[in-house]
Q: 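My questions all concern the structure below.
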Amino acid sequence: MLVDILFRNADVIDGTGAPRRNADVAVRDDRIVAVGDLGAWRGGVEQDCTGLVLAPGFIDPHVHHDEVVLTDPDMACMTSQGVTSIINGNCGFSIAPLTAAPPFPAPLDIILSAEVPRFARFAEYRARLDAQPPAVNTACLIGHGTLRINTMAELGRPADATETAAMRAALDAALAEGGIGLSTGPFYPPARAAPTEELIAMAEVAQAHGKLYVTHMRDEGDRVRESLDETFLIGRKAGCGVHVSHHKCAGLANHGLSEITLAMIDAARARQDVGLDTTPWIASSTMLNSGRHRQATRVLVADSVPYPELAGRDLADIAAEWGLDIDSALERLLPATGIFFVMDEGDVRRILTYPHTMVCSDGIARGKHPHPRVWGTFPRVLGHYVREVGLFSLEEAVHRMTGLPAERFGLTARGRLAPGHYADLVLFDAASIAEGATYDAPITPARGIRGTWVNGRAVWRDAAPTGARPGRTLDQNTGTIAP
Ligand code: ZN
Ligand code: CU
């Protein structure tokens with residue numbers, strides 16, 4: 001039997017959580033066709049995998065690469081970590097459908113730059129991705145914040161009946177065109193004035209499409225418990241599944257609170273569909289004027305449009321040099337993103353270990369000094385938290401990065417290494433895998449990733465992108481398990 005790629009003698013971790021086993025893996029075209037002892041088979045390319053783990057490519061359920069997939073289609077920040085599929089449009093802000101004219105309010109101005117064309121319909125964005133695909137597969141949520149910016153002349157109040165109807169119609173169309181779910185961000189100024197009822201009205205549309213309500217909750221600090229209750233209520237009223245993005249308990253006063261929030265999620269799961277993801281870092285990253293700096297023990301400037309040369313510097317040092325208080329210094333840096341040390345290591349570990357938590361980078365790739373999670377998230381879990389700390393097994397970690405998100409977001413025939421599934425694969429050395437990115441040098445590829453394949457084509461090999469761009473747009477209705 002001749003196939004396109006034959007991976008020989010790999011430690012196969014299949015994404016279900018099952019123990020690894022030694023096997024050969026055959027790929028023809030874009031699919032895995034056989035797993036087992038394939039000694040008599042031949043491959044156009046034969047890859048010796050002795051001593052290495054072969055796993056399904058990782059799925060990052062929470063990124064902000066809506067525009068980056070168009071402007072930097074090699075997506076090395078993702079493929080260098082072994083990520084093969086990403087979900088964009090998070091936190092209430094998607095690149096499409098966008099009918100409003102710039103300048104855009106924060107944080108949309110962080111995700112979108114001025115130069116890239118706008119997509120008034122989601123179908124236009126998809127068509128562009130289909131015509132000029134990136135290296136990774138992409139799915140996209142539809143952001144309630146974006147719909148608000150399109151629809152409402154004044155964002156500081158609840159939507160009225162006419163505006164709500166217009167947003168619902170736009171969401172309905174975008175979900176019909178392949179949007180994978182609804183995202184909201186009532187934490188952010190453009191949606192902060194949206195009451196729970198407005199979010200329920202939007203979630204009803206997601207429910208009608210059988211899709212998820214994904215949320216950057218109203219508050220992840222002092223009122224995180226109230227925000228969880230609001231999220232659960234929205235899910236129950238609308239009858240749809242809810243997904244808590246980048247779950248955290250921010251601020252010194254709230255350290256340790258994950259013991260309570262996870263118990264709340266557990267109790268809610270007994271009566272409704274609730275999922276969550278998290279990042280494996282004690283620092284968060286978002287726009288600089290979010291008030292979050294008051295909860296942080298330290299703040300770094302990740303990117304500043306007027307002062308790009310200050311990226312990577314400590315906000316307190318900049319304020320001191322300018323002879324300003326923190327708030328005035330922050331004003332001067334806008335629009336800007338920051339890195340906020342707000343989390344407790346105990347909470348990070350507790351949330352990561354919770355059985356239903358998936359791993360996400362929440363990556364914002366903009367600027368020269370992003371959060372190291374953009375390049376380092378998945379290897380950090382596999383190296384630091386699995387190998388060094390021993391939080392859980394490698395098989396369990398891989399499951400949280402593959403099978404779990406694929407099932408959650410309905411990515412058919414992805415997230416599992418099995419015959420009939422797409423050949424999205426990563427080959428890595430479990431003994432040396434580690435993030436290369438640090439807070440000082442965040443744009444650094446991981447160590448220990450030997451290769452990444454998307455739809456049967458190598459996209460990352462020998463520590464560099466191959467230039468292949470086989471990524472597809474994914475929605476819940478595409479993809480079948482081939483016989
Ligand atoms: Zn967010
Ligand atoms: Cu986000």
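In this chain, residues are counted from 1 in sequence order. Order of listing sets the numbers, starting from 1, for every ligand and every atom in it. What you see is a predicted model, and the numbers here were worked out from it, not measured in a lab.
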Q: Have a look at His216 and say which of its N, O or S atoms is nearest the Zn ion (ligand 1).
A: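 Checking each N, O and S atom of His216, the shortest distance to the Zn ion (ligand 1) belongs to ND1.
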Q: Just to confirm my numbers, could you give the angle made at the Cu ion (ligand 2) by NE2 of His62 and SG of Cys91, rounded to 10°?
A: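 Output for this angle: 100°, rounded to tens.
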Q: For the Cu ion (ligand 2), find the closest N/O/S atom belonging to Asp362 and write down its atom name.
A: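 That would be atom OD1.
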Q: Is the ring centre of His243 less than 6.0 Å from the ring centre of Phe409?
A: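 Close enough - the centres of the two rings lie under 6.0 Å apart.
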Q: Has His246 got an N, O or S atom lying less than 2.8 Å from the Cu ion (ligand 2)?
A: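 So His246 does not count as coordinating the Cu ion (ligand 2).
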Q: Taking the N/O/S atoms of His246 one by one, which is nearest to the Zn ion (ligand 1)?
A: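 Nearest to the Zn ion (ligand 1) within His246's N, O and S set: NE2.
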Q: State which residue, out of Arg292, His247, Met343, fulfils the side chain to side chain contact (heavy atoms under 4.5 Å, CB included) condition with Glu220.
A: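 Going through Arg292, His247, Met343 one by one, the side chain to side chain contact (heavy atoms under 4.5 Å, CB included) with Glu220 is satisfied by Arg292 alone.
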Q: Short check: any N/O/S atom of His62 below 2.8 Å from the Zn ion (ligand 1)?
A: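 His62 does not place any N, O or S atom closer than 2.8 Å to the Zn ion (ligand 1).
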Q: Which of parallel (below 30°), tilted (30 to 60°) and perpendicular (above 60°) describes His216 and His246?
A: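 Perpendicular.
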Q: Would you say the ring centroid of His371 lies under 6.0 angstrom from that of His369?
A: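 No.
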Q: Please table the atom pairs, donor to acceptor, closer than 3.5 Å between any side-chain atom in residues 437-449 and protein atoms at least two apart or in another chain.
A:
residue : atom : partner : partner atom : Å
Thr438  : OG1  : Asp440  : N            : 3.3
Thr438  : OG1  : Ala441  : N            : 2.8
Thr444  : OG1  : Ala441  : O            : 2.7

